[in-house]
There are 2 protein chains.
Amino acid sequence: MSDPKKTGGLAGIVAGETTIATVGKEGVGLTYRGYTIEDLAAQATFEEVAYMLIYGELPTQSQLDSYRHTLKCLRGLPAPLKTVLEQLPRDAHPMDVLRTGCSALGTLERETKSHDQLAIANRLLALFPGMLLYWYHFTHSGKRIETAIDAPSIAAHFLQMLHGKPAPELHVRAMDVSLILYAEHEFNASTFTCRTIASTMADFYSAVTGGIGALQGPLHGGANEAAMELIEQFQTPEEAEKALMQMLHEKKLVMGFGHRVYKKADPRSDVIKVWSKKLSEAASDKVIYPVSERLEAVMRREKGMFPNLDFYSASAYRFLGIPTPMFTPLFVIARITGWSAHIFEQRAHNRLIRPTADYVGHATRPFVPIGKR
Amino acid sequence: MSDPKKTGGLAGIVAGETTIATVGKEGVGLTYRGYTIEDLAAQATFEEVAYMLIYGELPTQSQLDSYRHTLKCLRGLPAPLKTVLEQLPRDAHPMDVLRTGCSALGTLERETKSHDQLAIANRLLALFPGMLLYWYHFTHSGKRIETAIDAPSIAAHFLQMLHGKPAPELHVRAMDVSLILYAEHEFNASTFTCRTIASTMADFYSAVTGGIGALQGPLHGGANEAAMELIEQFQTPEEAEKALMQMLHEKKLVMGFGHRVYKKADPRSDVIKVWSKKLSEAASDKVIYPVSERLEAVMRREKGMFPNLDFYSASAYRFLGIPTPMFTPLFVIARITGWSAHIFEQRAHNRLIRPTADYVGHATRPFVPIGKR
C-alpha cells in the first residue's frame, strides 16, 4: 500500500466511512441510503431523492409538499449576483459560471448559525438552474429572465426557463429521472474534493465551489459533453462504426465508456438508455439514438467496455433541446444533493484530509547565490 | 490499511509522487526542490523562489530581471473583474473574495493553448494582491485603487497598495520572507485539493479556486487568523498564561501549534519568529511579541507542543499593519506558486484521484411508495 504506483490516484484506498451510497458493491450496483437506483428512478421524484439525501430519510407526503414549497421560494437571484453573472462572457463555460456564481453567493449569503448548512444546501439546489439560465439568456440574447417562476419541480423549472415555456410531461419526467441518476455517487472526484475542502473546516460554499471545479473535468462530469461531441459527428450508424474503429485503432480515449469503480456495467446506463429511446421515438429521431446504439455495440464488441451514465445521458439531453455545454451543469444541479450530504457527513465526523507524497526529486543541495548561477 | 480508522484523513497514505518539496523528512525539515527553507529564507527573494517552483530551477540574474518585469506587467485588473469585486460586500471574508475573483477571472481569461498554465500561474501570482486590495479599498472607503503600479516586488506591491505609500525596507523584506515560507508544503489539504481537481482534467482556475476554498478553513490556512485572535486578547504575558492554562484545562483547541506531518518542530517557525522579533523591536512593541513568546513557552511546557508557521506569522503581520482577515489571503498570494507547480506535476503524470469509501449505512431496503410512509 505504500508503493505509490499501487496507490496512484488513490484507487481502492478507503478514504473514510459513509452512510450515503454504495457503488459497485457485489450484486447491488448503486444504492442511495439503501434504496436501489432502479427503484428510485422508477418510483421516486427528484425532490424526494434530494430530501432523502439531505435529510436522511424519504419524506412523507406532507414533508414533500412543504419541501417543494420551500425550494420554490428560493428561486430568486440576489441583485448583486445578477450583476456578477452579467460580467461573465458569452463564451464562458457554463460550469465556470456556476463555479463563480456559487462562490459569489457565498459572500452575499454567508454561512452562519442562522443561515446554516441545510439552508445553504436547499438554496443552492433551488438556485443553480436560475443562476445558469439567467446568465445564459442574458449573454445570448440580452434578456434578463425572471427565475422565481412557479414551475412544479426542479426539472420543470429548468426546462421552462431554458425554452421559455412549460415543457411536455414526457420531457419533465425524463429530466427528473436524469437528475435522480446523477444525484449521488459515493467518493467520486468532485465529492471527494468537497469532503477534502470541508475537512479544513472551510465554509459550505468553498466545498461546493471546489466540487463544481472538479466536476468540470472531462475525466469526470465533462464526459457527457465529450460523448455528445462524438455522437453528433455522425449521420448513420455505419459512419459511426467506421470512425470509432479508426479511433480505437489510434488508441484514442472514447468518453462515456467504462468506469473507475464499476467493472461490468453502470446500473444507471440501462435506466437512462430506456429514456433516451423513448425520447428518440417521440422526436421521430432516426440518427442520434441509432448512432448511439451502434457506438455502444462496437465498444462492447471491440473493447468489452460498457456505457456509463454519461453516454446515453448525452442523447437524452439532446432530445430535450439542451445545449451541449449545459450537460455538465445539469450534473451540478443534481449532484448538489449528494455533495451536501457528504459535506454534512464529513463535518459530523471530521478529520483533516491530508495524505502524504513519495518524494522523488532532488536530494538536498546547497543554495547557489544568484551571482554564481 | 483498509481499516477506515487507520486511514481516516488519509494520514500517512501516499497519494502520489512529487519532486517539489519534502516535509518533515528525517534530518532535513523542509526543502523546495532540494533547497532548505533556511537557505531560501536567508538568501533568496520570493520572486526567485516563485520562479524556481514554477519553472523548476533557480533563475539567473537576467532570467530573474525578466521575470520581475513580466510579473509587473500583469498587475492590471480587467474591467469586468472590477465590477464583480465591487458586488462582493464589505463584510465578505477576503478569502471568499479571492475565491470568487479567481473563478471569475477564469471566465474572462480562459485557459487555452496560447493562454496556457504557465501564463495563468504568473497572472494569478501577479494579480492576487491587486484583486484583494481593490476589493478592500472599494468596499471600505469607496476608493477604486490603481493596481498596476510600479512597486519593485510582490511584497512591496502588496504593502504599498495596502497602506497607500511605499513600505519601509524592513517591512518589505519581512513580507518577502513570509511569502517564501508560505510558498509550498507538499500534499497539504489545499494542494491536494488542487491536484484532485486537476486530476479530472479540469481547467487551471478550477484547481486554484478549490485550493483557495480549502485553505480558508481554520484547520489549514485560517490558523494564522485564529492565532492572532488568541494573541491580541491579552495585555500582558501573565494574563496570557492564565487564560491559556484555562483553555487547556477546558481542552480547547489552540490554533498555531503542532502539525499533521512535523512531529518535533516546524522549521519555518524559527525563521518567522526572528522576523517577528525584529519587527516588534522596530515598533517598540511591549505586548504582542512578549505575549506570543509566553504562549509558546506554556504550550511547550504543558503540552510539549511547538509553534507552527502560523503562530509567529500572526504577530509579524500585525507589525506590518495588515488587518487580520488578510492573513490567510497572504497565504494564497504565496501558495499560488506551490499550487501551480503541483498542478503542472499532476497534469504531467495524471491519474484520476478517486478513492473509495467504507459503507456503514443502511442495508439494501425496498422502496416505500409515498402513500405508505
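Naming convention: chains lettered A, B, ... in sequence-line order (proteins, then strands); numbering from 1 in each chain. Since this is a predicted model, take the numbers as computed values, not measurements.
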With a 4.5 angstrom heavy-atom cut-off, could you sort out which part of [X] is near chain A: side chain, backbone, both or neither?
{"X": "B/Ala363", "value": "backbone"}
{"X": "B/Gln63", "value": "neither"}
{"X": "B/Thr209", "value": "side chain"}

Quick one: what part of [X] sits under 4.5 Å from any heavy atom of chain B, side chain, backbone, both or neither?
{"X": "A/Leu64", "value": "side chain"}
{"X": "A/His185", "value": "both"}
{"X": "A/Glu57", "value": "side chain"}
{"X": "A/Phe192", "value": "side chain"}

Answer whether the closest heavy-atom distance between the side chains of [X] and [Y] falls below 4.5 Å.
{"X": "B/Arg354", "Y": "A/Val261", "result": "yes"}
{"X": "B/Arg33", "Y": "A/Arg365", "result": "yes"}
{"X": "A/Ile370", "Y": "B/Leu58", "result": "no"}

For A/Ile13 and B/Pro355, the nearest pair of non-hydrogen atoms, with its separation, is O-CB, 3.4 Å
Ranked by heavy-atom pairs below 4.5 Å to chain B, first place among A/Lys372, A/Met95, A/His362, A/Gln87 goes to A/Gln87
Under 4.5 Å, counting heavy-atom pairs only, tell me which of A/Ile353, A/Thr191, A/Val368 racks up the most with chain B. A/Ile353
Tell me the salt bridge (Lys or Arg N to Asp or Glu O under 4.0 Å) pairs involving residues 193-219 of chain A, sequence neighbours left out? A/Arg195-A/Glu345, A/Asp203-B/Arg99
Ignoring hydrogens and geometry, is there a side-chain-to-backbone donor-acceptor pair from [X] to [Y] under 3.5 Å?
{"X": "B/Thr19", "Y": "A/Gly361", "value": "no"}
{"X": "B/Glu186", "Y": "A/Ala357", "value": "yes"}
{"X": "A/Thr200", "Y": "B/Ala214", "value": "yes"}

Is any residue of residues 78-86 of chain B within less than 4.5 Å of chain A by heavy atoms, and which ones?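 If one takes a 4.5 Å heavy-atom cut-off, the residues of residues 78-86 of chain B near chain A are B/Pro80, B/Thr83, B/Val84.
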Does A/Pro89 have any side-chain contact (heavy atoms from CB on, under 4.5 Å) partners at least two apart in sequence or in another chain, and if so, which?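 With neighbours one apart ignored, the set is A/Asp91, A/Ala92, B/Thr107, B/Leu108.
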Going by the rule ring pair (Phe, Tyr, Trp, His ring centres under 6.0 Å), which residues pair with B/Tyr51 if we only count those two or more places apart in sequence or in a different chain? B/Tyr55, B/Tyr67
Aromatic contact, A/Phe187 with B/Tyr359 (centres under 6.0 Å): no
